[in-house]
There are 2 protein chains.
Amino acid sequence: MIHQRECPIETVIHVLGGKWKPTILWHLVESTRRYNDLEKLIPDVSQKMLTQHLRDLEQEGVVLRTVYPTVPPKVEYSLSEYGRTLVPVAEVMCAWGEQHNERKQKEPAS
Amino acid sequence: MIHQRECPIETVIHVLGGKWKPTILWHLVESTRRYNDLEKLIPDVSQKMLTQHLRDLEQEGVVLRTVYPTVPPKVEYSLSEYGRTLVPVAEVMCAWGEQHNERKQKEPAS
DNA sequence: TCACACCCTTACTTTTAAGTATGTGGCGTA
DNA sequence: TACGCCACATACTTAAAAGTAAGGGTGTGA
C-alpha cells in the first residue's frame, strides 16, 4: 500500500495475484455467493485468506459485498460491473496459461 | 516447482509475476539485450534478481539466452518466438491495469 | 442453560520472495 | 604483479504472503 504501482502489468498481478483470487473470481463469475458457499466451493482456503482476499477484491472495486442485517447475518459477494471488465482479461490470460501448461507437460526437459 | 499448476491464470502470474519480469520483458520486446544492458536499463534491480528472473523466463521458454564464447564472455538475451505470443496477453493486462490505476487515483476513498 | 449458525477477527508461525554483500574465472592491460 | 571486465554464484538477512489455531457476537431452537 506504500508505493504507487507504476507498471500496469503489476497492477493486474496485484489484483489477481493472491493464491485464491482467481478461484474466487471464477466462482463469482458464475453466480453471487455467500461466504459459506465460497468456503465449501474452495475447501482448501482458510477463513483468514478467504476473508482477506474478498476484502482486497472489494477494495479494488471488483467485488461487491452486500450485508443483510438479519439474524444470523447474511453476506453476499458478487462481481461488480467493473469487475466484469476484468473477465476478458482473465480469459486471455487463461488461454495462454492453458496452452503454456500443455507445452510444459510435453517437454519436461529443456 | 513442487506442484503442478492447475489454474492457468496462476500460470501466467507465475511466468510474469516476479518483481522485475514485466520490465525485463518490456526491454526485450524492444530489442535483444546483453546482461549489462539490462542492468543499466533497470537500475534498481540487483544482480541476483536479474539473473534469477532471466533464468526463470528462459526456463519457461519465453527468453532465449545466447552465449558467445569470447573473452570477456558475451551473453545476449532475446524474446523467443514463443515469448512473443505472450506480448498480446501482456498488452491486454496493461490496458486494464492502466485504466485501473487511473480509476484508483480518482477515488482514493472507496 | 447450552449449543449452534454465520461471518468473521486476532495472534502467532511457517514459507516464499526479494535484498545485500561478497566471491569466482580467465584473459587483457598497466 | 595487480587490476579490471563480464556474467554470474553463493550465503545471509529482511520483508511479505500464507497457514494454523483460537475466539467473538447475537439471536434462535432444544
Side-chain angles (χ1 to χ4, degrees), chain A residues 1-7 9-24 27-28 32-60 63-78, chain B residues 1-7 9-24 27-28 32-60 63-78:
Chain A
M1 305 297 180
I2 222 145
H3 75 131
Q4 77 279 20
R5 295 184 285 280
E6 68 282 2
C7 170
I9 292 185
E10 277 182 40
T11 303
V12 174
I13 288 172
H14 178 84
V15 172
L16 239 44
K19 179 161 176 188
W20 307 98
K21 284 181 191 173
T23 313
I24 293 171
H27 288 299
L28 295 183
T32 292
R33 307 282 187 186
R34 297 182 59 180
Y35 184 87
N36 243 334
D37 298 337
L38 290 169
E39 268 194 303
K40 281 166 200 153
L41 288 165
I42 315 171
D44 288 347
V45 76
S46 66
Q47 292 183 329
K48 178 197 163 192
M49 290 315 296
L50 181 54
T51 304
Q52 187 176 304
H53 283 170
L54 286 167
R55 291 284 179 283
D56 291 349
L57 292 166
E58 189 192 355
Q59 216 195 310
E60 301 291 346
V63 159
L64 286 179
R65 182 169 180 267
T66 316
V67 182
Y68 299 92
T70 59
V71 172
K74 176 177 169 181
V75 182
E76 277 186 353
Y77 295 94
S78 56
Chain B
M1 305 297 182
I2 222 144
H3 75 130
Q4 78 279 23
R5 296 185 283 280
E6 70 284 359
C7 170
I9 292 184
E10 277 182 41
T11 302
V12 174
I13 289 172
H14 179 84
V15 172
L16 240 42
K19 180 161 175 189
W20 306 99
K21 285 183 191 172
T23 313
I24 292 170
H27 288 299
L28 294 183
T32 294
R33 308 281 189 185
R34 296 182 59 181
Y35 183 89
N36 242 335
D37 298 337
L38 290 169
E39 269 196 301
K40 280 166 199 153
L41 288 164
I42 316 170
D44 287 348
V45 76
S46 67
Q47 293 184 328
K48 177 196 164 192
M49 291 315 294
L50 181 53
T51 302
Q52 188 176 303
H53 283 171
L54 285 168
R55 292 284 179 285
D56 291 348
L57 292 166
E58 189 192 354
Q59 216 195 310
E60 300 293 345
V63 159
L64 286 180
R65 181 169 180 266
T66 315
V67 182
Y68 300 92
T70 59
V71 172
K74 176 177 169 182
V75 181
E76 278 187 353
Y77 295 94
S78 56

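Lettering follows sequence order; numbering is per chain, from 1. Worth knowing before you read on, the calculation uses all heavy atoms, side chains too, and leaves out hydrogens, waters and symmetry mates.
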Figure out the [atom1]/[atom2] separation between [X] and [N], and round it to whole Å.
X: B/Lys19; N: D/dA15; atom1: NZ; atom2: P; value: 12 Å
X: A/Leu54; N: C/dC7; atom1: CG; atom2: P; value: 11 Å
X: B/His14; N: C/dT16; atom1: NE2; atom2: P; value: 13 Å
X: B/Lys74; N: C/dG25; atom1: NZ; atom2: P; value: 25 Å
X: B/Lys40; N: D/dC6; atom1: NZ; atom2: C1'; value: 10 Å
X: B/Leu16; N: C/dA17; atom1: CG; atom2: P; value: 15 Å
X: B/Leu50; N: C/dT20; atom1: CG; atom2: P; value: 15 Å
X: A/Glu76; N: C/dC7; atom1: CD; atom2: C1'; value: 14 Å

Report the nucleotide, chosen from [options], that has the shortest atom-to-atom distance to any side-chain atom of [X].
X: B/Thr51; options: C/dA5, C/dC7, D/dC8; result: D/dC8
X: A/Arg65; options: C/dA18, C/dC7, D/dA7; result: C/dC7
X: A/Met49; options: D/dG19, C/dA18, D/dC5; result: D/dG19
X: B/Val71; options: C/dC8, C/dC27, D/dA18; result: C/dC27
X: B/Asn36; options: C/dC7, D/dC12, D/dA7; result: D/dA7

[X] side-chain N/O to [N] phosphate OP1/OP2 under 4.0 Å:
X: B/His53; N: C/dA17; result: no
X: A/Arg55; N: C/dC8; result: yes
X: A/Trp20; N: D/dG19; result: yes
X: B/Arg34; N: D/dA7; result: yes

For [X], answer base if it contacts any base atom (sugar-phosphate contacts may also be present), sugar-phosphate if it contacts only those atoms, and nothing otherwise; contact means non-hydrogen atoms under 4.0 Å.
X: B/Ser46; result: base
X: B/Tyr77; result: sugar-phosphate
X: B/Lys48; result: base

Point to revise | 5' priority, DNA chain D, between A/Val45 and A/Pro73 [closest heavy atom] | key: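 It is A/Val45 whose nearest nucleotide is closer to the 5' end.
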**Study point:** Residue closer to the 5' end of DNA chain D, A/Asp44 versus A/Pro72 (nearest nucleotide)
**Key:**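 Here A/Asp44 is the residue nearer the 5' end.
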Review point. Do B/Tyr77 and B/Asp37 have side-chain heavy atoms sitting under 4.5 Å apart?
Key: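 No, too far: nothing below the 4.5 Å cut-off.
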Review point. With a 4.5 Å limit on heavy-atom distance, are the side chains of B/Leu54 and B/Leu38 in contact?
Key: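 Side-chain contact under 4.5 Å: yes.
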Check your understanding: If you find the nucleotide of DNA chain C closest to B/Gln47 and the one closest to B/Gln52, which residue's nucleotide is nearer the 5' end?
Key -> B/Gln52
Exercise for review: Measure from the side-chain N and O atoms of A/Arg65 to the backbone N and O of A/Glu58, and report whether any donor-acceptor pair falls under 3.5 Å.
Suggested key: no
Point to revise | Side-chain donor or acceptor of B/Thr11 paired with backbone N/O of B/Cys7 under 3.5 Å | key: yes
Check your understanding: A/Pro73 and A/Arg34: which non-hydrogen atoms are nearest, and at how many Å?
Key -> O-NH2, 3.7 Å
Check your understanding: Under the side-chain contact (heavy atoms from CB on, under 4.5 Å) criterion, do B/Glu39 and B/Leu50 qualify, and how do the steps go?
Key -> CA-CA 8 Å; B/Glu39 269 196 301; B/Leu50 181 53; 3.6 Å; yes
